[in-house]
There are 2 protein chains.
Amino acid sequence: MATNFDNYFKSAFTVDNVIFGFDEGDLKVLLIKRGEEPHIGEWALPGYFVRTDEDLDTAAQRVLSELTGLTNVYLEQVHTFGSVNRHDFGRVITISYFSLIKIANYTIQPSSIALQAQWHTVNDLQHLAFDHDAILEACLQRLKWLVKTRPVGFELLPPKFTLTELQHLYEAILRRDLDKRNFRKKILSMNLLVDCAETQEGVAHRPAKLYKFDRKRYNKLVAQGFNFELKESRLAHKKDLPEASMSHL
Amino acid sequence: MATNFDNYFKSAFTVDNVIFGFDEGDLKVLLIKRGEEPHIGEWALPGYFVRTDEDLDTAAQRVLSELTGLTNVYLEQVHTFGSVNRHDFGRVITISYFSLIKIANYTIQPSSIALQAQWHTVNDLQHLAFDHDAILEACLQRLKWLVKTRPVGFELLPPKFTLTELQHLYEAILRRDLDKRNFRKKILSMNLLVDCAETQEGVAHRPAKLYKFDRKRYNKLVAQGFNFELKESRLAHKKDLPEASMSHL
DNA sequence: GCAATTAGTGTAAAAAATGCACTAAGCCCC
DNA sequence: GGGGCTTAGTGCATTTTTTACACTAATTGC
């Protein structure tokens, strides 16, 4: 593709994708073990160059589906990182995205990049390659905000889930404990959950009811300008964070 | 600067800056009348190519100061727009920023770009060049969110201001009327305003007290994790938006 | 001094958030 | 088959926050 712009102004562009999943009560992120320099052997976010004839969102989707086989998942641009020296081999500007997927739907792809992919629990990560620590942090902040603003939880959960699973998901993202009764009251008052009239099986205790999200109803409410604001403090059990204790402002 | 990356992956990139100001009760944005193709004669956001040895934030600051002579103002990255066909002459990816300035401090600069600059009231804008309508809209949304989250109003107001001026600023950004008593109660309860012990002069009615923001106190509170959340509905006078009427969720 | 204009102030009612503890249902093991 | 273990599920009273609302105060200009 020919352009009229002098090469002086050009740069390489990549997308980096923070792929979140939820499993065993933990928020997870899918990382790649780098097989080449620079930062060989280190864990990094999956990403790749943006082709010159490819839109940014398309590139992010491509990275995601090459890695996970999934399309049609929640995907959102977060921030662009472009420090002159962030890449060892020259200037590379990266546009970061995050996506939310159901780990159960994830199937390892035969691509060379995917073979080195592994889920990591967000809470016990080592240092990542390049400036990927900062990218991940930005995406975590965005996810935290998102979850308080829109009920996106169902993007990370299997189609049928229990209220306790949903609560654990919120707790993992918000990094705080929530009160069970208040959480249920709030979530059910949104009228977005449908009782499947089924219960859990194979658990060594009282089985919980299964719910699913009514995505139609959700879309309708969003279209009407419905706001799902869940203030952090609204679901709080204890004032265990300094900001919470001043939330009356 | 040499890189190891094939030219195939490279693209031109710019920063575009939505510079907000506030004057005569209206939210304003500083636009440039384009003097060259493409889109000659149309109004556009000020922006320019990012130098290959320049960080993105630095480039945005440079655009701002070349245009307004101002440094040290509120500046924040918003979103990156990179549709393949957004620029007529080739692929150009643009990273958008917005900044908040005090119009009174603005002095027209002798640069050629600044000579074509003009303030426009956000509420009655025509179509802008390129995809700048979308960029402006994204920045407006971000500003709306910001103003509900942090008391950034003082970035747009003169050092001394009345509570009514501050309220008008909020109303312009949130695009809704607010109740005077509730607004004052909420703002003053934040303990961020200092009474200057002065009053307005030269007005044909009861003069209002002048206040200023205590930036030191603000910084201290932010550092402590203080959250300035101002739900839209919290300052509402009337439920004039559909979302407000369902804000109990 | 009076008309016009904007500043400034309090309270009561409704809604939302919070804190808290017991019973229910199923599994497992003996 | 009974008792222990584990997690599910549920209500209410208190506190905090939000909301709605109308009059008096101070100044200018005529």
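Proteins come first, then strands; the chains are lettered A, B, ... in the order of their sequence lines, and each starts at number 1.
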Atom-pair distance ([atom1] on [X]; [atom2] on [N]), nearest Å:
X	N	atom1	atom2	result
B:L193	C:dG8	CG	C1'	15 Å
A:Q200	D:dT6	CD	P	16 Å
A:N182	D:dT16	CG	C1'	14 Å
B:D179	C:dA14	CG	P	18 Å
B:K186	D:dT16	NZ	P	14 Å
A:L178	C:dG19	CG	C1'	14 Å
A:D195	D:dA8	CG	P	15 Å
B:K180	C:dT6	NZ	P	10 Å

| query | Any donor-acceptor pair under 3.5 Å linking the side chain of B:D26 with the backbone of B:K28? | reply | no

| query | Does A:R184 make a side-chain N or O approach to OP1 or OP2 of D:dG9 shorter than 4.0 Å? | reply |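 So the side-chain polar atoms of A:R184 do come within 4.0 Å of the phosphate oxygens OP1 or OP2 of D:dG9, strictly under.
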
| said: Testing A:F213, A:F226, A:F228 one by one against A:Y218 for a ring pair (Phe, Tyr, Trp, His ring centres under 6.0 Å), which residue passes? | reply: A:F228

| So which of A:W43, A:F20, A:Y106 actually passes ring pair (Phe, Tyr, Trp, His ring centres under 6.0 Å) with A:W119? | A:Y106

| message | For DNA chain D, which residues of residues 156-170 of chain B approach it to below 4.0 angstrom with any heavy atom? | response | none

| query | How is A:K209 classified with respect to the nucleic acid when contacts are heavy atoms under 4.0 Å: base, sugar-phosphate, or nothing? | reply | sugar-phosphate

| request: Would you sort out whether A:K144 and A:L174 count as a side-chain contact (heavy atoms from CB on, under 4.5 Å), showing the intermediate values? | output: CA-CA 6 Å; A:K144 205 165 161 176; A:L174 297 176; 3.8 Å; yes

| Which residues share a ring pair (Phe, Tyr, Trp, His ring centres under 6.0 Å) with B:Y97, sequence neighbours left out | none

| remark: Which of B:Q200, B:K180, B:R184 passes side-chain hydrogen bond (donor to acceptor under 3.5 Å, both in side chains) with B:T164? Answer is B:R184

| Does any donor-acceptor pair link the side chain of A:R181 with the base of D:dA8 at a separation under 3.5 Å? |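 Donor-acceptor pair under 3.5 Å: no.
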
| What about B:K185: does its side chain form a donor-acceptor pair under 3.5 Å with the base of C:dT11? | yes

| Exercise: do A:H168 and A:E165 side chains pair donor with acceptor under 3.5 Å |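 There is no such pair (donor and acceptor under 3.5 Å, judged by atom type) between the side chains of A:H168 and A:E165.
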
| field | Letter per nucleotide, 5' to 3', of nucleotides 23-30 of chain C [B base touched, S only sugar-phosphate touched, - untouched; heavy atoms, 4.0 Å] | value | -BBBS---

| said: What I'd like to find out is whether the side chain of B:L192 reaches to under 4.5 Å of the side chain of B:L221, using heavy atoms alone. | reply: yes

| field | Result of checking A:T80, A:V63, A:D57 against A:V15 for side-chain contact (heavy atoms from CB on, under 4.5 Å) | value | A:V63

